[in-house]
J.: 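Got a structure for you, questions after.
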There are 2 protein chains.
Amino acid sequence: MNRKSELEGSIDPEAKVRPIRTITDLARVAGVSPGTVSRALAGKSLVNTKTRERIQALAREHGFQPNQMASKLRRQKTGVIGVVIPLGHDREQQVSDSFFMTLLGHLADELTEKGYDIMLRRVIPDRDEDWLDRFIGSGMIDGVIVIGQSNQFARIEEVADGYLPMVVWGNHQEGQRHCVVGADNRLGGRLAAERLIAAGATRLAFFGDTAPFEFAARYAGACDIANSMGATITAVSTHLSPAQTAQELSRFLAEHHGEIDGVFAASDTIAFTCLQELRKLGIAVPDQIKIVGFDDLPIAEQTLPALTTIRQDIQAGAHGLVDLLLRRLQGEETESLVLPPKLVVRGTA
Amino acid sequence: MNRKSELEGSIDPEAKVRPIRTITDLARVAGVSPGTVSRALAGKSLVNTKTRERIQALAREHGFQPNQMASKLRRQKTGVIGVVIPLGHDREQQVSDSFFMTLLGHLADELTEKGYDIMLRRVIPDRDEDWLDRFIGSGMIDGVIVIGQSNQFARIEEVADGYLPMVVWGNHQEGQRHCVVGADNRLGGRLAAERLIAAGATRLAFFGDTAPFEFAARYAGACDIANSMGATITAVSTHLSPAQTAQELSRFLAEHHGEIDGVFAASDTIAFTCLQELRKLGIAVPDQIKIVGFDDLPIAEQTLPALTTIRQDIQAGAHGLVDLLLRRLQGEETESLVLPPKLVVRGTA
DNA sequence: GTGATTTATGCAAACGTTTGCATAAATGTG
DNA sequence: CACATTTATGCAAACGTTTGCATAAATCAC
């Protein structure tokens, strides 16, 4: 390839390297004004059909596209939705957590379909107070989806007061001001506890960190039922990092497995770990201890025994998040969306 | 809230709504020129320490941050890395595929740490020829990471000729021109076949779509060994969507399970499905049929029997991708990075 | 105290679009 | 054919930064 040498003397338009970097360049080539090119590429009807097509063809031929930064700056719109994953209460690995990842996948589908681009950002709120304001105020995004409230409920509430186009995945609290989409975690907790008790358990344990609101609500729901049905329940706090969780569960189960006969795991991931630790200890599931998880991840049906769990419809969740956000972008003050969780009975309870 | 009415006559600075939207606004308040504010916020040493701190404090107080679009436009740098997932050979659900999702999580970690933002884009190349050019030419990103070659090898090669800051996750072919990071898939295939044969299998099957280069290489590696060790191997093509895969495997196994005694699954996900189908059919693993997967996803150790598989170090992969990309952003013409896969023996072979 | 150097700031020109307004050309009306 | 209307284009002013260059102020050397 001796493009460079050809470049100088050449008159062959095919041979010279594309000098068309701006709309003005293209305008020169097309013999029109930049404004016309802009309108033509935007497909506006104000420009003559003939010229429009000619310009579009020219653009295609030269592989030209208008600079997005300039466009966004001028139009004060970015066409980008921020997706932010706060790692508040536990910074390890959470972004790799199956549930969030699956949700993100569906979000990508939904947003792409609506013509939006996605700016993904992980933040560690404990290290950076202004994580949300900074993202919103950056001028890079038209709206934001927050995946998980983590321990940032207060901060999110605060921001919601002055910023409409934000939707959050998480738990719905009575009277909260930010728009949230999520399963009815408390109901889910009730379903789980009901199932455990129906399967014969009376001494329950809840495995999972109760700091995040989602998990706290699940626990609260389970307590509702346990209390009203005469069962006992104790919360065993774990951390989200898989390695830590395994260790914590292992220790707890080794010492206390005789004291419980039913486990409600705050997530399927925790349930899997629990299942594995019980197997190591030689404790039979569901005979000696019953387990109910939460999420219904795809693998839930592939464990042995297959996991009984509370299903969240992730796809519906993603759809809801995007739908509400788009409406908020139009200025509508949308209500939150609470999705019904569903008990899926398999082999562990 | 009667802000509007207060706004007019009010002199109380606390009461009026923030009028500080631009650097010029802040400059007026601070009694300096916009240029100085810009320099102060950028932390440049050209500006007096005293004024710099004063301006920074002022900015913090008003919650001001410079508009990124304008900044990016002016500086001709975006600080954004594009991450694109092409869904070439199978459009269903691939973005939710555990492996890619885990990789994405680690990428997010690495890029965030280096101060880059991430623009995530899913594309369906079959519907949109120019998926890659369009992304690169959009002016929104400084560089791009392509997750998976899919069936787009040729297109990627083509783009690589004229665009340096691109790194691809995938398979390395002899003499290819684009910079790739990925496991040595062929070697991985060899390890898998060796293990199956060492465990006693002689009639092997490969489960997975052989169109993507990664998978093709895994299959080729397995063939190397099968041929040299006197075992047979046949490829059984599946599609990536889990539902389809299950159906395809189910049909194949029902009819042909007697003809094979070892399965090399192109991915752990496929291996899980296979395991499940075999269980349904009452075929013992590993006694009647042995299985080796590929990836070593976290759940691999949680199935029963735990999955024997070929491990890819995803974190190292993500690190490599980012490292190479950053070097290419500096203008360096980096070589590809081939990571060694590792056999992890568990219960299925 | 004069001139040379350093330091801190201001000025104004980009960056590449989009779009309201003005105008020229084309069409229609009587 | 003169005038009113529609249609297609051009002009130029934003959008909000950053940064090279010029200059004013402060420091220094002698």
Side-chain angles (χ1 to χ4, degrees), chain A residues 18-56 58-59 62-80 117 134 136-142, chain B residues 18-59 62-80 115 117 134 136-142:
Chain A
R18 288 176 196 161
I20 312 285
R21 299 237 64 86
T22 79
I23 246 180
T24 314
D25 294 338
L26 191 57
R28 195 171 20 72
V29 173
V32 296
S33 81
T36 303
V37 171
S38 174
R39 285 185 267 252
L41 293 180
K44 302 225 181 178
S45 55
L46 296 103
V47 57
N48 188 320
T49 316
K50 198 86 184 241
T51 21
R52 181 176 52 223
E53 279 164 5
R54 189 166 55 86
I55 292 173
Q56 285 175 343
L58 220 46
H62 288 270
F64 170 79
Q65 349 172 24
N67 180 304
Q68 294 293 318
M69 288 306 155
S71 170
K72 289 168 198 294
L73 172 60
R74 170 62 224 239
R75 307 179 50 198
Q76 300 289 83
K77 280 224 161 196
T78 67
V80 178
D117 268 307
R134 199 198 313 286
I136 289 170
S138 72
M140 287 192 306
I141 55 177
D142 289 343
Chain B
R18 285 179 198 159
I20 312 285
R21 300 236 64 86
T22 79
I23 245 179
T24 314
D25 295 338
L26 191 59
R28 195 170 20 74
V29 173
V32 295
S33 80
T36 304
V37 172
S38 174
R39 284 184 268 251
L41 294 179
K44 303 225 181 178
S45 56
L46 295 102
V47 57
N48 188 320
T49 315
K50 197 89 182 238
T51 23
R52 179 175 53 222
E53 279 165 4
R54 189 165 56 85
I55 291 174
Q56 285 175 344
L58 221 44
H62 289 270
F64 170 78
Q65 352 171 19
N67 180 303
Q68 294 294 316
M69 289 305 156
S71 170
K72 290 168 197 296
L73 172 60
R74 170 61 226 239
R75 306 176 54 197
Q76 300 289 83
K77 279 224 162 194
T78 69
V80 178
D117 269 307
R134 199 197 314 285
I136 290 171
S138 72
M140 287 193 305
I141 56 177
D142 289 344

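Protein chains get the first letters and strands the later ones, always in sequence-line order, with residue 1 at the start of each.
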J.: Between atom CG in B:Asp25 and atom P in D:dG16, what is the gap in whole Å?
T.: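 Nearest whole value for this atom pair: 9 Å.
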J.: Looking at B:Gln76 and B:Leu73, what are the two nearest heavy atoms and their distance?
T.: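 That would be OE1-O, 2.8 Å.
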J.: Ignoring the backbone of B:Ala70, work out which of D:dG16, C:dT18, D:dT9 is nearest its side chain.
T.: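 Of D:dG16, C:dT18, D:dT9, D:dG16 is nearest to the side chain of B:Ala70.
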J.: Taking all non-hydrogen atoms of both residues, which atom of A:Val47 and which atom of A:Thr51 are closest, and how far apart?
T.: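 Closest heavy-atom pair between A:Val47 and A:Thr51: CG2-OG1, 3.8 Å.
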J.: Measure CG/B:Leu73 against C1'/C:dA13 and give the value in whole Å, please.
T.: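 B:Leu73 atom CG is separated from C:dA13 atom C1' by 13 Å.
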J.: Quickly work out the A:Arg54 CZ to D:dA8 C1' distance and round it to whole Å.
T.: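 After rounding, the gap between these two atoms is 13 Å.
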J.: Take the protein atom CG of B:Leu26 and the nucleotide atom P of C:dG10, then report the distance between them rounded to whole Å.
T.: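 That distance rounds to 13 Å.
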J.: Could you tell me which residues satisfy side-chain contact (heavy atoms from CB on, under 4.5 Å) with A:Asp25, sequence neighbours excluded, listed by chain and number?
T.: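 side-chain contact (heavy atoms from CB on, under 4.5 Å) check on A:Asp25 returns A:Ile20, A:Arg21, A:Thr22, A:Arg28.
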J.: Between the main-chain N or O of A:Lys72 and the side-chain N or O of A:Thr78, is there a donor-acceptor pair closer than 3.5 Å?
T.: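 Flag not set: sc A:Thr78 to bb A:Lys72 has no pair under 3.5 Å.
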J.: Can you tell which of B:Leu26, B:Thr24, B:Ile23, B:Ile55 makes a side chain to side chain contact (heavy atoms under 4.5 Å, CB included) with B:Ser38?
T.: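 Running side chain to side chain contact (heavy atoms under 4.5 Å, CB included) over B:Leu26, B:Thr24, B:Ile23, B:Ile55 with B:Ser38 returns exactly one hit, B:Ile23.
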J.: Atom CG of A:Leu46 to atom P of C:dA22: distance rounded to whole Å?
T.: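 Taking atom P of C:dA22 as the reference, CG of A:Leu46 is at 16 Å.
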J.: Take atom CG of A:Asn67 and atom C1' of C:dG16, then tell me their distance rounded to the nearest Å.
T.: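 It is 6 Å, rounded to the nearest whole Å.
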J.: Which comes earlier along DNA chain D counting from the 5' end, the contact point of B:Thr24 or that of A:Arg52, where each point is its nearest nucleotide?
T.: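 By nearest-heavy-atom nucleotide position, the 5'-most residue is A:Arg52.
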J.: Which residues within residues 32-40 of chain A lie with some heavy atom under 4.0 Å of an atom in DNA chain C?
T.: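 Heavy-atom cutoff 4.0 Å gives A:Gly35, A:Ser38, A:Arg39.
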J.: Rounded to whole angstrom units, what separation is found between the CG atom of A:Asn48 and the P atom of C:dT27?
T.: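 Those two atoms, CG and P, are 10 Å apart.
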J.: Show the nearest heavy-atom pair for residues B:Ala59 and B:Leu41, with the distance to one decimal.
T.: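 Answer, listing the atom of B:Ala59 first, then B:Leu41: CB-CD2, 3.8 Å.
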J.: First locate atom CE of B:Met140, then atom CD of A:Gln65, and finally report the distance between them rounded to the nearest 0.5 Å.
T.: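 Nearest 0.5 Å value for the CE-CD distance: 8.5 Å.
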J.: Bend angle of the helix from C:dG1-D:dC30 to C:dA26-D:dT5 from five-pair axes at both ends, rounded to 10°?
T.: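 Overall, the helix from C:dG1-D:dC30 to C:dA26-D:dT5 bends by 40° from one end axis to the other.
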J.: A:Ile23 side chain: which of D:dT9, D:dT19, C:dT18 is closest?
T.: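 The answer is C:dT18.
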J.: Please give, in whole Å, the distance from C:dT9 P to B:Leu41 CG?
T.: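 Taking CG of B:Leu41 and P of C:dT9, I get 14 Å after rounding.
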